[in-house]
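Remarks on the structure that follows.
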Amino acid sequence: MRGSAYVSGNSKSTEAARRPSSALRAPSPRERGEGLDIAIIGGGIIGICAAASLAEAGRRITVFDRTGICEETSSGNAAAFAFSDVLPLAHKGMIRQLPKWLADPLGPLSIPPAYLPKLLPWLIRFWRAGAPGKYEASLAAQAGMMKLAEAEWMGLLDRSGTRSMLREDGSLELYESKDEFQAGLPGWAARERFGIGFRHVEGEELAALQPGLSPRFIKGTFVPGWKTVADPKLLGKAVWAYAQSKGARFEMARIGQVAADQDGATLTLADGTTRQARHLVVAAGAWSHLLAKQLGDRIPLETERGYNTTLPTSAFDVKRMLIFSGHGFVVTPLATGLRVGGAVELGGIERRPNYARSKALLQKAQKFLPGLDPSGGREWMGFRPSLPDSVPVIGGAPAKRSVVYAFGHGHLGLTQAAATGRLIRDLVLGQTPPIELAPFSPQRF
């Protein structure tokens, strides 16, 4: 959800929205009456980075969110700067695995039967996105986006004084059989075309990269350029503090309705009051398509519900992010704990969490890392806003010059946030972006 400000029925979030926050100052009545320059709906990592980039350019920014800065999905992700993760989800390997995964209700991919009719149009688009021509287009778009993302993040980390939160230990993807390893080779060949470095490992080298690993894993692929952060929530709040130092403001509020024309946008809050803004950026994660629909745009966004458990740091000595691709989850060592999570539940934004999924991931982690202490964990569920071709929407609303969309990053919100912030700044300021934005157009659907 990347910090949605949209009205929903989440009771936990409702309680959070009612609590005053001493760390976040709402604008004064006088400030509210003056009208806003740029309003950003969504206080997750995408909205935060857009705010920082625009504030650096001297624009007056107000971010709206129902719960706070980096309090929802952006707080609980896997903490990866996955700049090498350029493969669209609808690639051939995943399509082949879908039947097997769907047969296991607690497996890497689950679809509640009652939700399937609503999901079917999205699934058809997802299947079509795996066609060779569309796949190659999405791959090229993601590769260009990732190159920009790495450069923009390194710059933003330096400017915001958060470089110390970066970890450059690489990642280790693991395989249980030669067949599983062979099935992954086309994907690695695709990455190699775009200059992504990696090496396949086994035996002593594999054991050295992660001591204590179960012997069931016979091969691995080490990606030295893979990066993680000490804690995604702490990073998001630190980048927001930097944006605040440049003049960005926050207002805790639920957005009930949005409207716009060529000259500006009107936000109607849940309490009935309104805010006027010259420009509106919609970065509300899994709720964004509902706001876009109010503005006349139908964008096929679906919600991947991801689960994790964060254990104490003492649970196991994990050296770097471990990727269990055949099982759809990762283990990430954070400064604040050991995060075991992933998997996908395509179930929308209204269903209650099914924490049996996080428990199943933890049980697998115990098998894969003998000696892992599963006690003392915190379970969590968040919403990943996903589009069928795995490429986010970044661009102006077709009929509303005052509105820019920035959502649908799926698993890659943290990774692509700084690049998205840069692109949003260029769009709002009327500057030429550093990459071609046609693949990210809201009109491509």
Charged N to carboxylate O under 4.0 angstrom, [X] versus [Y]?
{"X": "E71", "Y": "K237", "result": "yes"}
{"X": "R159", "Y": "E56", "result": "yes"}
{"X": "K178", "Y": "E202", "result": "no"}
{"X": "K219", "Y": "E180", "result": "no"}

Out of curiosity, [X] [atom1] to [Y] [atom2], how far, rounded to the nearest 0.5 Å?
{"X": "I323", "Y": "L172", "atom1": "CD1", "atom2": "CG", "answer": "8.0 Å"}
{"X": "Y242", "Y": "Q244", "atom1": "OH", "atom2": "CD", "answer": "13.5 Å"}
{"X": "S53", "Y": "L423", "atom1": "OG", "atom2": "CG", "answer": "9.0 Å"}
{"X": "F368", "Y": "L361", "atom1": "CZ", "atom2": "CG", "answer": "10.0 Å"}
{"X": "I349", "Y": "H289", "atom1": "CD1", "atom2": "NE2", "answer": "6.0 Å"}
{"X": "W127", "Y": "L120", "atom1": "CH2", "atom2": "CG", "answer": "12.0 Å"}

Please report the shortest heavy-atom distance between [X] and [Y], naming the atom on each side.
{"X": "I45", "Y": "G236", "answer": "CD1-CA, 4.0 Å"}
{"X": "T336", "Y": "T310", "answer": "O-CG2, 4.5 Å"}
{"X": "L206", "Y": "F217", "answer": "CD2-O, 3.6 Å"}
{"X": "F316", "Y": "P370", "answer": "CE1-O, 3.3 Å"}
{"X": "A406", "Y": "V281", "answer": "CB-CG1, 4.5 Å"}
{"X": "A149", "Y": "T415", "answer": "CB-O, 3.5 Å"}

Below 4.5 Å, heavy atoms only, C-beta onward: do [X] and [Y] meet side chain to side chain?
{"X": "R66", "Y": "E72", "value": "yes"}
{"X": "D297", "Y": "Y405", "value": "yes"}
{"X": "L346", "Y": "E304", "value": "yes"}
{"X": "F324", "Y": "V331", "value": "yes"}
{"X": "D231", "Y": "S75", "value": "no"}
{"X": "K319", "Y": "P211", "value": "yes"}
{"X": "I40", "Y": "T62", "value": "no"}
{"X": "P388", "Y": "P300", "value": "yes"}

Main-chain N/O of [Y] paired with [X] side-chain donor or acceptor, under 3.5 Å:
{"X": "K134", "Y": "P132", "value": "no"}
{"X": "S390", "Y": "L89", "value": "yes"}
{"X": "R320", "Y": "L209", "value": "yes"}
{"X": "R444", "Y": "S441", "value": "yes"}
{"X": "T309", "Y": "V340", "value": "no"}
{"X": "W153", "Y": "L414", "value": "yes"}
{"X": "T420", "Y": "Q416", "value": "yes"}
{"X": "R339", "Y": "N77", "value": "yes"}
{"X": "Q210", "Y": "D317", "value": "yes"}
{"X": "R357", "Y": "V344", "value": "yes"}

Residues I394, I424; criterion side chain to side chain contact (heavy atoms under 4.5 Å, CB included); working and verdict: CA-CA 7 Å; I394 303 172; I424 293 303; 4.1 Å; yes

Verify whether one side chain among [X] and [Y] offers a donor that lies under 3.5 Å from an acceptor in the other.
{"X": "S177", "Y": "D179", "answer": "no"}
{"X": "Y115", "Y": "E345", "answer": "no"}
{"X": "E173", "Y": "S325", "answer": "yes"}

Is the W188 ring parallel, tilted or perpendicular to the H200 ring (thresholds 30°, 60°)? perpendicular

Relative to the ring of Y355, is the ring of Y307 parallel (under 30°), tilted (30 to 60°) or perpendicular (over 60°)? perpendicular

Quick one, L412 with M145, criterion side chain to side chain contact (heavy atoms under 4.5 Å, CB included). Give me CA distance, side-chain angles, the key distance, then yes/no. CA-CA 11 Å; L412 300 170; M145 182 66 161; over 6 Å; no

Within a radius of less than 6.0 Å around NZ of K364, do more than 12 heavy atoms belonging to other residues, nucleotides or ligands occur? yes

Side chain to side chain contact (heavy atoms under 4.5 Å, CB included) between I218 and F181, worked out: CA-CA 9 Å; I218 62 168; F181 173 71; over 6 Å; no

Within 45 degrees of the axis of the six-membered ring of W122 and under 6.0 Å from its centre: does R125 put its NZ or CZ there? no

Check the pair L166 / M154 against side chain to side chain contact (heavy atoms under 4.5 Å, CB included), numbers first and verdict last. CA-CA 9 Å; L166 180 67; M154 297 308 107; 3.9 Å; yes

